[in-house]
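Please read these numbers as outputs of a predicted model, since none were measured by experiment.
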Amino acid sequence: MAQITGSANERVFQIKAWGGLNENPDGDTKLKMGEAAAMRNFRITRDGNLQRRPGSREISSLGTEPVRGIWNGWVNGREQLVSACGGKLWRLWDEETGEYIREEIGEIDTGREIHFFGFANALYMVNGAEYKVWDGTTLADVGGYRPLVTVAVPPEGGGETLEQVNKLTGARRCWFSPDGEKSVFQLPETGILSLDYVKNLSTGEDMAADSYTADLAAGTVSFTGAPGAGTNTIEIGWTMTENFRGQVLSMRWGELYAGTQDTRIFLYGDGSNKAIYSGLDYDGQPRADYFPDLNEVAVGDANTPITGMIRHYSRLLCFKESSAWTIQFGTISMADGLVTEAFYVTPVNRSIGNVAPGQVRLVLNSPRTLHGSDVYEWKNNGSYSSNLTVDERQAKRISDRIYATVRKFDLERCYCYDDNWGQEYYICFAGKALVHNYAADAWYYYEDFDAVCMANFRGELLYGTSDGKLMHFSTDYLNNDGRAIDAYWESGSMSFGQDFQRKYSAMLWVGVKPESSAEINVTVQTDRSSSYTEKMVTSSLANFAHVNYAKYSYATNRKPQMSRLKIKAKKFVFYKLIFRTSAADSTATILAADIRVRFTGYAK
């Protein structure tokens with residue numbers, strides 16, 4: 001926001017709010033006052049002030065390899081903060097002491113990014129090679145639920161089909177109904193690997209091993225005496241030689257969805273157009289270790305893989321590199337009259353999708369994806385609370401103001417994160433980040449920000465680095481773990497509403513928030529010269545937390561301070577205001593800037 005005061009020939013132009021980065025492709029003469037043509041390591045606060053970005057401090061070193069993921073949530077009734085790095089899963093928080101720790105939980109493959117999700121009071125992990133679970137005590141491979149494939153099976157075989165086989169394991173079970181006469185029972189399958197147990201369901205105890213024999217090739221169980229007649233009184237468990245566990249382990253990401261509830265796990269990311277989803281057990285309980293054989297969803301053509309999934313209202317949005325789809329929960333009637341659950345796929349957009357695998361994020365309940373060289377937000381135009389439909393206008397490009405910088409990022413390798421607590425959306429790549437403050441609708445750009453994974457823990461933003469460090473990102477720190485933060489802000493070329501006139505300016509005022517070690521260097525550029533006097537503005541409070549006696553102040557006035565700076569610029573048409581700071585022991589929050597301008601004649 002800009003305000004103008006003064007006479008016709010001399011005016012004071014006031015910048016009361018700052019608008020973030022705007023890389024206008026047609027140059028910087030069209031920018032609003034307060035917007036930046038160039039900006040690094042500054043941020044816009046929720047109140048619209050210009051502030052040097054927070055610093056960071058190392059919390060823990062987890063190795064020398066990249067940190068592959070950070071997760072926080074509840075496991076077995078306890079709040080946990082965990083991370084994966086260097087082939088290990090680490091516990092990082094002790095709720096009893098309220099301190100960060102470094103405690104090894106167990107081994108895990110950290111060759112690629114690890115996706116965490118909480119389910120059934122435990123923490124699950126997929127990485128394209130393993131499927132792990134941590135119950136708060138033990139880290140183990142997910143074994144797999146043994147499905148009850150048939151019930152009411154007579155000795156000669158048959159019975160009623162109940163549960164599908166589980167992709168994770170070759171283990172199955174069935175319930176037999178003896179007739180009191182036959183002693184040889186036929187299993188639903190032949191060529192089995194092992195007979196695991198025979199249980200008397202009436203007593204709940206396993207039968208003695210010498211009371212039966214098994215023919216693995218024929219798939220039969222022969223009892224020494226015919227069991228007594230009954231319905232579903234004997235359970236037999238066995239294991240087949242082949243299973244489809246590799247299909248589950250090859251998945252890299254997951255999303256929870258089941259219509260209006262998050263009771264099923266959709267796994268994707270094996271390079272195909274298919275997603276698999278978990279099922280319910282015999283008792284109707286959702287399970288993370290049961291992926292029924294037929295629980296698959298194929299999205300679009302088989303030539304392009306699924307790159308992202310995210311739940312949106314009562315639908316599951318599914319993205320491929322150049323298309324978007326929705327998956328809806330429903331039912332289907334089978335040929336035998338059985339009504340079962342089903343998931344229906346509907347196209348949304350045939351040209352825009354997501355190129356960054358696993359990086360779709362929900363920002364203020366609107367999905368955001370990376371496509372081409374742009375950032376898209378997906379929002380239904382018809383209602384403030386509606387699912388996406390077949391309408392190409394729902395994909396809104398929101399990265400026009402950062403078009404030059406975002407095109408330098410390899411979007412397929414970017415990491416995205418939504419810090420809902422701070423209302424900031426991050427796109428991280430190769431030690432840099434583009435940040436959208438959606439509370440202030442402002443973009444900014446960070447350097448020396450080596451974030452490869454992020455998490456917000458109790459309101460504090462944490463990130464893992466490419467060299468195995470866990471960092472705390474906070475305004476409490478004035479530097480990046482001892483390294484100075486080089487911050488720069490440059491306005492657009494301001495003509496002050498009269499680009500046909502020459503101007504003269506000899507004075508401006510800069511308002512800086514009083515805080516510990518606050519300082520900023522101010523200068524200007526014009527179309528006449530790029531070298532003008534540089535002035536320092538300070539507004540420090542007495543504070544020993546970051547004391548520097550060379551710049552120490554005994555000031556205790558916490559009211560905003562305006563500093564008058566004499567920087568003479570003559571015969572210019574366009575004027576740039578520049579702020580910079582690179583000190584490792586200071587910060588700055590700029591509240592306002594006022595520029596006195598006198599119009600002197602027509603431009604030649």
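Aromatic rings of Phe473 and Phe449 (six-membered ring for Trp) have centroids within the 6.0 Å cut-off, being under it. Outside the 6.0 Å centre-distance limit, the rings of Tyr124 and His115 are not counted as a close aromatic pair. Between Phe319 and Trp378, the distance from one ring center to the other falls under 6.0 angstrom.
Each of Trp421, Tyr463, Trp93 was checked for a ring pair (Phe, Tyr, Trp, His ring centres under 6.0 Å) with Phe457, and the lone residue meeting it is Trp93. The only option from Arg368, Arg361, Lys396, Arg397 that meets the salt bridge (charged side-chain N to carboxylate O under 4.0 Å, His left out) definition with Glu377 turns out to be Arg368.
In this structure, Arg78 pairs ionically with Glu95, as a charged nitrogen and a carboxylate oxygen lie closer than 4.0 Å. Under 4.0 Å is where a charged nitrogen must lie from a carboxylate oxygen, and between Lys132 and Asp141 at least one such pair does. No salt bridge links Asp481 with Arg483; every basic N to acidic carboxylate O contact stays at or beyond 4.0 Å. Taking a cutoff of 4.0 Å between a charged side-chain nitrogen and a carboxylate oxygen, Lys576 and Glu490 qualify as a salt bridge. Salt-bridge formation is detected for the pair Lys88/Glu104: a Lys NZ or Arg NE/NH1/NH2 atom is positioned less than 4.0 Å from an Asp or Glu carboxylate oxygen. Salt bridge status for Glu447 with Lys432: absent, with no side-chain N to carboxylate O gap under 4.0 Å. Arg401 and Glu35 are not joined by a salt bridge, as no carboxylate oxygen comes within less than 4.0 angstrom of a charged side-chain nitrogen.
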Q: List the steps and the verdict of side chain to side chain donor-acceptor pair (under 3.5 Å) for Glu23 and Thr405.
A: CA-CA 8 Å; Glu23 299 171 328; Thr405 301; 2.5 Å; yes

Next on the checklist: Show, in sequence, the C-alpha distance, side-chain angles and deciding distance for Lys469 and Asp467, and conclude whether the salt bridge (charged side-chain N to carboxylate O under 4.0 Å, His left out) test is met.
Outcome noted: CA-CA 6 Å; Lys469 294 182 175 62; Asp467 57 355; 3.3 Å; yes

- What's the verdict on side-chain contact (heavy atoms from CB on, under 4.5 Å) for Ile427 and Val375, showing C-alpha distance, side-chain angles and the deciding distance? CA-CA 10 Å; Ile427 306 171; Val375 185; 3.5 Å; yes

- request: Please report the C-alpha distance between Asp450 and Val452 in whole Å, then the side-chain angles of each, then the deciding distance to 0.1 Å, and finally whether the side-chain contact (heavy atoms from CB on, under 4.5 Å) criterion is met.
  value: CA-CA 6 Å; Asp450 184 22; Val452 296; 4.2 Å; yes

Stepwise salt bridge (charged side-chain N to carboxylate O under 4.0 Å, His left out) check, Arg252 with Asp270: CA-CA 7 Å; Arg252 298 187 57 191; Asp270 65 345; over 6 Å; no

Dump the intermediate steps for side-chain contact (heavy atoms from CB on, under 4.5 Å) on Met471 and Arg57, then the final yes or no. CA-CA 5 Å; Met471 309 296 291; Arg57 186 67 51 85; 5.7 Å; no

Report task. Apply side-chain contact (heavy atoms from CB on, under 4.5 Å) to the pair Arg413 and Phe429, showing each step before the final yes or no. Result -> CA-CA 7 Å; Arg413 297 167 53 202; Phe429 174 70; 4.0 Å; yes

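Within the 4.5 Å cutoff, the side chain of Leu370 has heavy atoms near those of the Cys416 side chain. Proximity of Tyr426 to Asp419: side-chain heavy atoms (C-beta onward) are separated by under 4.5 Å at one or more points. Residues Thr587 and Ile485 form no side-chain contact, since every pair of their non-hydrogen atoms from C-beta on lies 4.5 Å or further apart. A heavy-atom distance below 4.5 Å is not found between the side chains of Phe42 and Arg40. The side-chain heavy atoms of Leu123 and Gln80, taken from C-beta on, include no pair separated by under 4.5 Å. Counting heavy atoms from C-beta on, the side chains of Phe579 and Val537 never come closer than 4.5 Å. Residues Asn49 and Ile44 form no side-chain contact, since every pair of their non-hydrogen atoms from C-beta on lies 4.5 Å or further apart. With contacts defined as side-chain heavy-atom distances shorter than 4.5 Å, the pair Arg68/Arg112 does not qualify.
Judged by the 6.0 Å and 45° rule, Arg102 forms a cation-pi pair with Trp90. Judged by a 6.0 Å distance limit and a 45° cone about the ring axis, Arg53 is not positioned over the six-membered ring of Tyr444.
Put simply, CG on Asn437 and CH2 on Trp443 are 10.5 Å apart, with the number rounded to the nearest 0.5 Å. Atom OG of Ser56 is separated from atom CG of Asp476 by 12.0 Å, given to the nearest 0.5 angstrom. Taking CG of Leu81 as the reference point, atom CD of Glu79 lies at 8.5 Å (rounded to 0.5 Å). In this structure, CG on Leu92 lies 6.5 Å from OG on Ser60, to the nearest 0.5 angstrom. Expressed to the nearest 0.5 Å, how far CG of Leu508 lies from NZ of Lys535 amounts to 10.0 Å. Atom OH of Tyr575 and atom OH of Tyr532 lie 9.0 Å apart (nearest 0.5 Å).
The heavy-atom pair separating Leu316 from Arg311 by the smallest distance is CD1-N, 3.8 Å. Minimum interatomic distance between Ser83 and Gly69 (heavy atoms only, all atoms of both residues): OG-O, 2.9 Å. Asn127 and Ile114 get closest at one heavy-atom pair: CB-CG1, 3.9 Å. Closest non-hydrogen pair, Lys379 versus Ser366, comes out as CE-OG, 3.3 Å. Nearest heavy-atom pair across Pro54 and Arg43 is CD-CD, 3.5 Å. In terms of heavy atoms, Gly19 sits closest to Ala442 at O-CB, 3.7 Å.
In this pair, Tyr438 and His436 present their aromatic rings tilted. The plane angle is within the 30 to 60° band.
Of the possible polar contacts, none joining the Thr29 side chain to the Ser493 backbone as a donor-acceptor pair under 3.5 Å is found. The backbone N or O of Pro357 sits nowhere less than 3.5 Å from a side-chain atom of Glu412 that would complete a donor-acceptor pair. Listed for the His312 side chain is a donor-acceptor partner under 3.5 Å among the backbone atoms of Asn365. Thr538 places no side-chain N or O within donor-acceptor distance of the main-chain N or O of Glu519, the cut-off being under 3.5 Å. Under a 3.5 Å cut-off, the side chain of Tyr257 and the backbone N or O of Ile327 do form a donor-acceptor pair.
A donor atom on one side chain and an acceptor atom on the other are found under 3.5 Å apart for Lys320 and Thr304. Counted by atom type alone, Asn76 and Asp135 present zero donor-acceptor pairs between their side chains at under 3.5 Å. When only modelled atom types and interatomic distance are considered, Thr589 and Gln51 share a side-chain donor-acceptor pair under 3.5 Å. Between the side chains of Tyr403 and Asn24, no donor-acceptor pair is found at a separation under 3.5 Å. Defined by atom type and a distance below 3.5 Å, a donor-acceptor pair is missing between the side-chain atoms of Asp47 and Thr45. Judged by distance alone, the side chains of Arg46 and Gln423 never bring a donor and an acceptor atom under 3.5 Å apart.
Counting non-hydrogen atoms of other residues, nucleotides and ligands closer than 6.0 Å to CZ of Arg564 gives a total of 12 or fewer. A 6.0 Å sphere centred on CD of Glu103 holds more than 12 heavy atoms belonging to other residues, nucleotides or ligands.
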